[in-house]
Number of protein chains: 2
Amino acid sequence: MARPREFDQDKALEAAMDVFWEKGFEAASLSDLTARMGIQRPSLYSAFGDKKGLFEAALRKYTSSHAAYVRGSLHKHSSVKEAFRTFFEDVVSKEYEKSPSTGCFCINSMVELAAHDEKFEILTREHQMYLSVIFQETLERGIQSGELDAGINAKNLAQTLVISLIGLTVFLKSRPDRVVIDNFVKQILTLVTIS
Amino acid sequence: MARPREFDQDKALEAAMDVFWEKGFEAASLSDLTARMGIQRPSLYSAFGDKKGLFEAALRKYTSSHAAYVRGSLHKHSSVKEAFRTFFEDVVSKEYEKSPSTGCFCINSMVELAAHDEKFEILTREHQMYLSVIFQETLERGIQSGELDAGINAKNLAQTLVISLIGLTVFLKSRPDRVVIDNFVKQILTLVTIS
DNA sequence: ATTATTACATACCGATCGGTATATTATTAA
DNA sequence: TTAATAATATACCGATCGGTATGTAATAAT
């Protein structure tokens with residue numbers, strides 16, 4: 001009934017996600033965004049509302065794909081201990097490879113926006129709680145299989161692992177000595193083994 | 001030999017610190033800053049260089065006073081376990097009292113700037129490593145007094161505590177259920193007791 | 001073929017951005 | 001009292017900010 005959209009809305013959103021991920025909300029300008037998205041301003045505004053709306057859409061895209069990545073990663077090994085070990089080690093090695101390190105878009109947003117905007121306070125919190133559920137399910141799989149001690153509190157330990165992951169991800173932004181990071185990962189994995 | 005400065009440079013810097021702490025580097029405008037500092041732009045530029053220079057001075061002021069606060073807090077109890085317990089619990093309760101929660105200025109800066117500016121990568125990393133030294137000294141005090149097991153690795157544990165503190169501080173920005181946080185603190189303190 | 005509808009590109013909006021030129025005022029040294 | 005120095009206040013700079021009005025091009029229903 002009308003002229004069809006010429007750009008791929010999902011591709012454009014992914015490009016916007018990359019820009020916000022790299023620069024943050026404030027530092028990403030409309031010019032940055034439209035350049036990377038390959039569209040003009042009016043197209044952006046008609047498709048996504050305004051800058052905050054585009055940011056929210058980008059963050060939602062990130063959280064859902066990130067959750068899928070985490071879930072997939074933890075299912076790649078039948079051993080739960082092995083699954084957590086490779087997951088944390090991958091987080092670390094990926095961050096040292098990239099330059100500049102981007103970290104986690106959701107954590108970045110939590111720091112920049114959660115304290116001043118309730119919408120993002122909720123959105124970022126719920127993603128962390130969702131990751132916690134994924135961790136918990138993985139731990140329970142290990143308990144069921146007999147790999148992990150039946151006495152561990154999967155829910156509590158999952159929450160601890162999530163907060164540890166946050167600390168790890170943030171600290172990596174300052175490019176600390178790898179020995180410090182490897183030591184931390186080792187201590188965290190100890191919790192999975194002996195708790 | 002010339003007209004004396006009419007404003008207190010340190011008070012002005014503290015006001016700038018508050019603004020950057022609340023808003024971050026990008027979102028803090030020169031108008032915000034001069035208004036809270038109670039000075040005019042030319043005074044700001046002659047005293048602190050430019051916006052980044054003022055930010056750096058503010059961050060340095062923060063890290064030194066924050067390090068002093070942490071050291072003082074950990075020395076308030078002769079029991080090292082008690083010292084860490086009240087320290088972490090204070091971090092948590094202070095953050096739930098404030099609205100909006102400000103978190104840690106150094107961590108905020110690490111997330112916003114460390115990946116794009118080597119100066120802040122180094123500055124924020126060194127502050128965390130300095131906190132780690134304070135933690136380590138406190139742990140060693142506990143070992144010396146016999147309160148802590150002599151077998152613990154004070155340096156490694158201190159680094160773990162610092163990264164855990166980062167995760168805790170960041171996650172608090174999303175105002176998670178207090179139960180989740182209290183559980184995390186309890187697990188972290190367990191490391192001090194049994195490692 | 002005409003009309004309604006919607007996406008497109010250009011060009012523009014007022015506001016605000018970080019930063020500074022200019023002139024005045026206050027101080028100290030001579 | 002005068003000259004030198006530096007801090008102040010005002011007013012301004014070009015650039016860029018987020019956001020939009022306008023006219024044109026493309027599609028689908030009639």
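Below, read A as the first sequence line, B as the second, and so on, with proteins coming before strands; counting in each chain starts at 1.
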Pairwise ring-ring contact (aromatic ring centres under 6.0 Å, His included) hits with a residue in residues 128-153 of chain A, at least two apart: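 Only A/Phe84-A/Phe135, A/Phe87-A/Phe135 qualify under ring-ring contact (aromatic ring centres under 6.0 Å, His included).
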Return the residues of residues 26-50 of chain B meeting this criterion: a heavy atom under 4.0 Å from some atom of DNA chain C. Order them by number, or give none.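 Within residues 26-50 of chain B, the residues near DNA chain C are B/Ala28, B/Ser29, B/Leu30, B/Ser31, B/Arg41, B/Pro42, B/Tyr45, B/Asp50.
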For atom [atom1] of [X] and atom [atom2] of [N], their distance in whole Å:
X	N	atom1	atom2	result
B/Lys23	C/dT16	NZ	P	12 Å
B/Phe55	C/dG19	CZ	C1'	19 Å
A/Arg5	D/dA28	CZ	C1'	16 Å
A/Leu54	D/dG19	CG	P	10 Å

Measure up the A/Trp21 and A/Phe105 rings against each other and bin them: parallel (under 30°), tilted (30 to 60°), perpendicular (over 60°).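 A/Trp21 vs A/Phe105 ring planes: parallel.
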Tell me the salt bridge (charged side-chain N to carboxylate O under 4.0 Å, His left out) pairs involving residues 128-144 of chain A, sequence neighbours left out?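 Matches after skipping sequence neighbours: none remain.
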According to the Watson-Crick and G-U wobble definitions, with both distances under 3.5 Å, which nucleotide is paired to D/dT30?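 Base partner found: C/dA1.
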Taking only distance into account, with no hydrogens and no angle test, what donor-acceptor pairs under 3.5 Å do side-chain atoms of residues 160-171 of chain B form with protein atoms, sequence neighbours excluded?
residue	atom	partner	partner atom	Å
B/Thr160	OG1	A/Gln187	NE2	3.4
B/Thr160	OG1	B/Asn156	O	3.2
B/Ser164	OG	B/Thr160	O	2.9
B/Thr169	OG1	B/Leu165	O	2.7

For A/Phe120, all residues meeting ring-ring contact (aromatic ring centres under 6.0 Å, His included), sequence neighbours excluded: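 Scan of A/Phe120 (ring-ring contact (aromatic ring centres under 6.0 Å, His included), adjacent residues dropped) gives A/Phe55.
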Those residues that, when tested against A/His77, pass ring-ring contact (aromatic ring centres under 6.0 Å, His included) (two or more places apart):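 A/His77 satisfies ring-ring contact (aromatic ring centres under 6.0 Å, His included) with no other residue.
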